[in-house]
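All values below come from the heavy atoms of this structure, side chains included, with hydrogens, waters and symmetry mates left out.
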Amino acid sequence: MIAVATRTSTERTSAETRAPGGAAAAVTRTTRDRLRLAGPSVVLVALVLLVALAEPNFLSMNALAVVSAQAVPILLLGLGQMFVILTGGIDLSVAALASLATVILATAIGSLGPLAVVVTLVALTLIGALTGLLIVFGQVPSFVVSLGALGFWGAVALVASGSTTIYISEGYDAIFWLSSWTVLGLPMAVWAGVAAVAAVFCAMRFSPRGNVFHLVGLGEIAAMMSGVRTRAVRVGAFALSGFFAGAAGIVLSAQQQSAAPQLADSLLLPAIAAVLVGGCAITGGIGGAWRVLVGALVVTVLRVGGSVAGIDPSFQQIVYGVVVIVAVAVTLDRSRLSIIK
């Protein structure tokens with residue numbers, strides 16, 4: 001039945017091509033698609049070369065290990081955000097959930113050991129699913145619900161931690177390997193992030209239902225008529241967002257050997273920027289895991305490049321804001337929106 005949605009999209013494209021001016025529009029759309037695919041990689045290479053020219057040691061193995069380690073939390077948050085954006089929504093609570101994950105992990109790891117990792121991931125997945133349920137069955141826009149969730153779970157993290165940093169000593173052996181063990185000079189957290197990207201890509205590419213998130217984002221009504229359980233897909237997207245927020249929190253705790261109620265809060269804009277810079281359309285239906293990986297590297301190199309160029313860190317949020325606006329302007333599929341507002 002999913003073929004019905006695909007066929008409808010193909011027929012619409014053919015009709016647009018036959019219509020007056022349709023050929024020109026099709027060429028424009030093809031050019032935009034190529035830009036969306038190749039643009040992020042070109043930008044990444046250009047940024048790396050520029051930073052390397054300013055600081056030649058940037059291409060050393062130690063520097064690359066540091067940059068890639070910094071990119072992992074952004075990558076994981078971006079992967080979770082990608083599922084939500086693919087369905088046409090947005091999750092503003094991911095960074096707050098990652099901070100909450102560090103608090104849950106630090107609180108439980110002393111008594112539970114490695115099991116605390118599982119508890120953290122399950123708890124964050126359920127929290128994400130709860131957000132999705134409120135959106136789907138409450139018929140409230142994802143922006144509003146996730147914004148409320150950001151404040152709510154941020155407050156929960158503050159209360160649970162006593163508004164202070166929790167240092168992890170007992171039980172740290174369960175997660176220290178993520179930042180301390182290296183393979184080919186890169187921390188295990190980096191390889192775990194790459195493995196997550198590969199797993200998501202394979203699931204989307206080779207699973208019979210791997211494209212359901214794209215279908216819902218491209219046209220929820222058409223997907224529903226094709227037999228896709230659109231409500232379950234949207235709830236699943238937020239559940240996956242919660243899961244990856246939990247994974248990002250675990251990596252942050254391993255890197256910092258601590259937890260804090262606002263440890264990951266500054267990563268919200270970088271995570272959204274990573275998804276959009278990678279070529280995922282804010283209108284939904286277009287995107288993929290490898291694109292998020294490239295976007296996360298672009299955002300991280302921007303951060304490092306700013307430091308090399310002597311830009312005040314307080315201006316980084318301004319840079320991310322500009323990057324998000326530009327990325328949305330480039331990737332927005334205006335053919336699907338009659339009015340931009």
Any side-chain heavy-atom pair of V183 and M188 under 4.5 Å = yes
request  = Determine the minimum heavy-atom distance between S253 and L105, stating which atoms define it.
outcome  = CB-CD2, 3.7 Å
request  = Report the C-alpha separation of V197 and V292 in whole Å, then their side-chain angles, then the decisive distance to 0.1 Å, and conclude whether the side chain to side chain contact (heavy atoms under 4.5 Å, CB included) test is met.
outcome  = CA-CA 8 Å; V197 171; V292 177; over 6 Å; no
query = Is there side-chain contact between Q256 and T102, with heavy atoms separated by less than 4.5 Å?
reply = no
ask   = Between L47 and V298, which heavy-atom pair has the shortest distance, and what is it?
value = CD1-CG1, 3.7 Å
query = Are side-chain heavy atoms of L121 and I250 found at a separation under 4.5 Å?
reply = yes
ask   = Does H214 use its side chain to pair, donor to acceptor, with the backbone of L86 at less than 3.5 Å?
value = no
key: Shared hydrophobic cluster for W191 and F176 (ILVMFWY, side-chain gaps under 4.5 Å)   = yes
message = Starting from I272, can I reach L147 by hopping between I/L/V/M/F/W/Y residues whose side chains sit under 4.5 Å apart?
response = yes
F213/M204 under side chain to side chain contact (heavy atoms under 4.5 Å, CB included): CA gap, chis, key distance, verdict = CA-CA 9 Å; F213 298 101; M204 286 186 159; 4.2 Å; yes
task = Output the distance between atom OG (S180) and atom CG (D173), rounded to the nearest 0.5 Å.
result = 9.5 Å
ask   = Is there a chain of hydrophobic side chains (I, L, V, M, F, W, Y, each step under 4.5 Å between heavy atoms) that links W177 to I109?
value = yes
ask   = Side chains of V233 and T87: closer than 4.5 Å at any heavy-atom pair?
value = yes
key: Qualifying residue, where the test is side-chain contact (heavy atoms from CB on, under 4.5 Å) with V235 and the options are T230, L240, V136   = V136
request  = Indicate if L50 and L302 have the same hydrophobic cluster label, given that clusters are the connected sets of ILVMFWY residues with side-chain heavy-atom separations under 4.5 angstrom.
outcome  = no
request  = Verify the neighbour count for atom CD of E170: are there more than 12 heavy atoms of other residues, nucleotides or ligands below 6.0 Å?
outcome  = no
query = Side chains of R303 and P270: does their closest heavy-atom pair fall under 4.5 Å?
reply = yes
request  = List the steps, then state whether side chain to side chain contact (heavy atoms under 4.5 Å, CB included) holds for L150 with D265.
outcome  = CA-CA 10 Å; L150 183 157; D265 287 8; over 6 Å; no
G288 versus C280, closest heavy-atom pair with distance = N-SG, 3.8 Å
inquiry  = Check this for me: I221, atom CD1, are more than 12 non-hydrogen atoms of other residues, nucleotides or ligands nearer than 6.0 Å?
reply    = no
ask   = Taking the inter-plane angle between the rings of F244 and F83 on a 0 to 90° scale, is it parallel (under 30°), tilted (30 to 60°) or perpendicular (over 60°)?
value = parallel
message = I'd like to know if the side chain of S179 and the backbone of A254 have a donor-acceptor N/O pair within less than 3.5 Å.
response = yes
request  = Compare every heavy atom of A245 with every heavy atom of L97, then report the nearest pair and how far apart it is.
outcome  = CB-CB, 3.9 Å
ask   = With a 4.5 Å heavy-atom cut-off, do L263 and V103 have their side chains touching?
value = no
task = Give the intermediate values and the outcome of side chain to side chain contact (heavy atoms under 4.5 Å, CB included) for residues L134 and V140.
result = CA-CA 7 Å; L134 290 174; V140 182; over 6 Å; no
key: Given V275, V277, I286, the one that forms side-chain contact (heavy atoms from CB on, under 4.5 Å) with R291   = I286
request  = State the CG-CG distance between L267 and L76, to the nearest 0.5 angstrom.
outcome  = 10.5 Å
request  = Find the distance between CG (L130) and OG1 (T125) and round it off to the nearest 0.5 Å.
outcome  = 12.5 Å
inquiry  = To the nearest 0.5 Å, what is the distance between CZ on R234 and OG1 on T131?
reply    = 13.0 Å
request  = Consider only side-chain heavy atoms of I, L, V, M, F, W and Y, link residues closer than 4.5 Å, and tell whether L268 and L276 are in one cluster.
outcome  = yes
query = Roughly how far, to the nearest 0.5 Å, is CD1 of I135 from CZ of R231?
reply = 13.0 Å
ask   = Which distance, rounded to the nearest 0.5 Å, do you find between the CD1 of I127 and the OG of S241?
value = 11.5 Å
request  = Taking all heavy atoms of S99 and all of Q262, pick out the closest pair and write down the distance.
outcome  = OG-C, 3.6 Å
task = With the side chain counted from C-beta on, respond yes when I175 and Y172 share a heavy-atom pair under 4.5 Å apart, and no when they do not.
result = yes
request  = Might you point out which heavy atoms bring A101 and G249 nearest each other, and give the distance in Å?
outcome  = CB-CA, 4.1 Å
ask   = With a 4.5 Å heavy-atom cut-off, do Q255 and L178 have their side chains touching?
value = no
